[in-house]
There are 2 protein chains.
Amino acid sequence: MLKLTKKADYGLMALKYLAEHPETPALSAKDVADAYGIPAQLLAKILQRLTKTGLLRSHAGMNGGYELARDARQISAYEVIHAIDGPFFITSCTKGAKGCDLTPSCTIKEPLARVNDTIAGVLKSISIQDLAEHVQPSGRPREAQGLVALTL
Amino acid sequence: MLKLTKKADYGLMALKYLAEHPETPALSAKDVADAYGIPAQLLAKILQRLTKTGLLRSHAGMNGGYELARDARQISAYEVIHAIDGPFFITSCTKGAKGCDLTPSCTIKEPLARVNDTIAGVLKSISIQDLAEHVQPSGRPREAQGLVALTL
DNA sequence: TGAATCTCGGACAGAAACGGTCGTATACTT
DNA sequence: AAGTATACGACCGTTTCTGTCCGAGATTCA
């Protein structure tokens with residue numbers, strides 16, 4: 001399926017929202033949740049995790065909330081997804097504990113690992129800032145704008 | 001998580017296996033399943049679907065089985081995954097029926113759709129043949145070998 | 001003809017991941 | 001002290017994924 005979870009989606013949306021409102025000192029989870037119609041409690045937990053991984057700074061108490069820990073340009077989509085969904089691997093046998101269970105025959109994994117790296121590279125090259133400034137729907141030739149150019 | 005299902009994995013493995021044994025007229029689902037330690041019945045159904053989508057040719061009866069419908073070079077990993085897991089979208093709100101439920105604010109989707117296309121492009125550029133001929137573990141500088149070169 | 005082998009296809013059950021909620025403790029501001 | 005907001009863990013319902021079972025049709029071979 002190759003799709004990312006709603007949590008990751010929410011996380012990206014929230015960071016994008018924060019990036020779009022740099023003037024405010026801090027936005028509460030509820031603020032962001034209301035803005036997008038996201039379940040507030042869920043978003044809260046997501047933001048908490050992003051805080052724990054250092055992407056956000058939190059501020060408890062009244063008028064508290066969250067703010068980007070770094071410039072929006074310095075936060076990649078990869079970091080966000082990784083923080084929320086954990087390390088992702090395209091392959092099912094993530095070669096974590098004992099590699100491919102019984103079958104030492106997973107010769108597919110090697111080339112797919114390369115694909116995995118490519119995708120990760122794409123996501124790493126996209127910053128929250130890129131998400132914040134909506135790309136033009138069409139028209140403008142995007143040459144220098146090319147976010148990524150990579151070879152596999 | 002951005003990972004593909006085991007079914008897709010199995011499918012790729014099976015096609016790779018078929019590509020590696022071009023001499024045999026047809027290999028049964030069980031043959032392939034045994035070779036990799038994959039549940040036979042499950043693999044059978046996967047191969048059936050691949051047959052339905054035209055990637056394989058089936059042959060019932062004794063000594064029957066499956067064979068690649070086209071040259072291994074002409075079958076992309078994308079086709080396999082697409083056939084098994086259906087059309088994939090990175091975004092959760094696939095803009096299928098009514099777009100993003102209530103929230104018209106999913107401004108993230110547009111840039112992510114571009115990422116989606118990129119990934120699809122990568123997968124489309126990888127053929128079963130590429131999987132079959134194991135890539136070198138390391139060492140050899142892979143310049144002309146670059147499977148893909150794309151800009152986002 | 002009949003037996004063996006293999007594909008086809010739906011139904012179904014167990015397991016895991018996902019999405020979301022609740023309750024409570026803690027921290028900060030006024 | 002009161003109100004607001006984060007922090008964190010437990011919990012549950014739903015969906016998706018994985019895998020199995022079973023019956024039916026096709027083909028080959030004896």
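Below, all heavy atoms of this structure are taken into account, side chains as well, without hydrogens, waters or symmetry copies. Protein chains get the first letters and strands the later ones, always in sequence-line order, with residue 1 at the start of each.
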To the nearest angstrom, how far is [X] atom [atom1] from [N] atom [atom2]?
{"X": "A:Leu4", "N": "C:dA17", "atom1": "CG", "atom2": "C1'", "result": "15 Å"}
{"X": "A:Ile81", "N": "C:dC18", "atom1": "CD1", "atom2": "P", "result": "13 Å"}
{"X": "A:Arg49", "N": "D:dT6", "atom1": "CZ", "atom2": "P", "result": "17 Å"}

Show the atom names and distances, to 0.1 Å, of all donor-acceptor pairs under 3.5 Å that link a side chain in residues 62-70 of chain B to residues at least two apart or in another chain.
residue : atom : partner : partner atom : Å
B:Glu67 : OE2  : B:Arg57 : NE           : 3.4
B:Arg70 : NH1  : B:Gln74 : O            : 2.7
B:Arg70 : NH1  : B:Glu79 : OE1          : 3.2
B:Arg70 : NH1  : B:Glu79 : OE2          : 3.2
B:Arg70 : NH2  : B:Glu79 : OE2          : 2.8

Please assess B:Ile119 against B:Asn116 for the test side-chain contact (heavy atoms from CB on, under 4.5 Å), listing each intermediate value before the final yes or no.
CA-CA 5 Å; B:Ile119 296 174; B:Asn116 195 74; 5.8 Å; no

Check every strand shown and say whether B:Lys30 touches a base, only sugar-phosphate, or nothing at a heavy-atom separation below 4.0 Å.
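No contact.
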
Remember a base hit wins even if backbone is also touched, and classify B:Ala44 as base, sugar-phosphate or nothing at under 4.0 Å, heavy atoms.
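Counting heavy atoms under 4.0 Å across all strands, no contact is made by B:Ala44.
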
Shortest non-hydrogen contact between A:Ser76 and A:Lys124, atoms and distance
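Heavy atoms of A:Ser76 and A:Lys124 come nearest at CB-O, 3.2 Å.
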
Starting the side chain at C-beta, find the nucleotide from [options] nearest to [X].
{"X": "A:Met62", "options": "D:dT4, C:dC8, D:dT6", "result": "D:dT4"}
{"X": "A:Leu42", "options": "C:dG20, D:dT18, C:dC8", "result": "C:dG20"}
{"X": "B:Pro39", "options": "D:dA26, D:dT20, D:dC17", "result": "D:dT20"}
{"X": "B:Gln41", "options": "D:dA7, D:dC22, C:dT7", "result": "D:dC22"}
{"X": "B:Tyr10", "options": "D:dC29, D:dG19, C:dT29", "result": "D:dG19"}
{"X": "A:Lys6", "options": "C:dG19, D:dT6, C:dT30", "result": "C:dG19"}

With a 3.5 Å cut-off and heavy atoms only, can you find an N or O donor on one side and an acceptor on the other between the side chain of A:Lys45 and the base of C:dT21?
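Answer yes: a donor N or O sits under 3.5 Å from an acceptor.
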
Once salt bridge (charged side-chain N to carboxylate O under 4.0 Å, His left out) is applied, do any residues pair with A:Arg73, and if so which ones, sequence neighbours excluded?
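Listed in chain order: A:Asp71.
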
Distance (rounded to the nearest 0.5 Å) between A:Thr24 OG1 and A:Leu27 CG
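Answer rounded to 0.5 Å: 3.5 Å.
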
Taking 4.0 Å as the cut-off, does a side-chain nitrogen or oxygen of B:Ser58 come that near to OP1 or OP2 on C:dC8?
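Yes, such a contact exists.
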
Of B:Lys7 and A:Ala29, whose closest DNA chain D nucleotide lies nearer the 5' terminus?
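Going by which nucleotide is closer to the 5' end, it is A:Ala29.
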
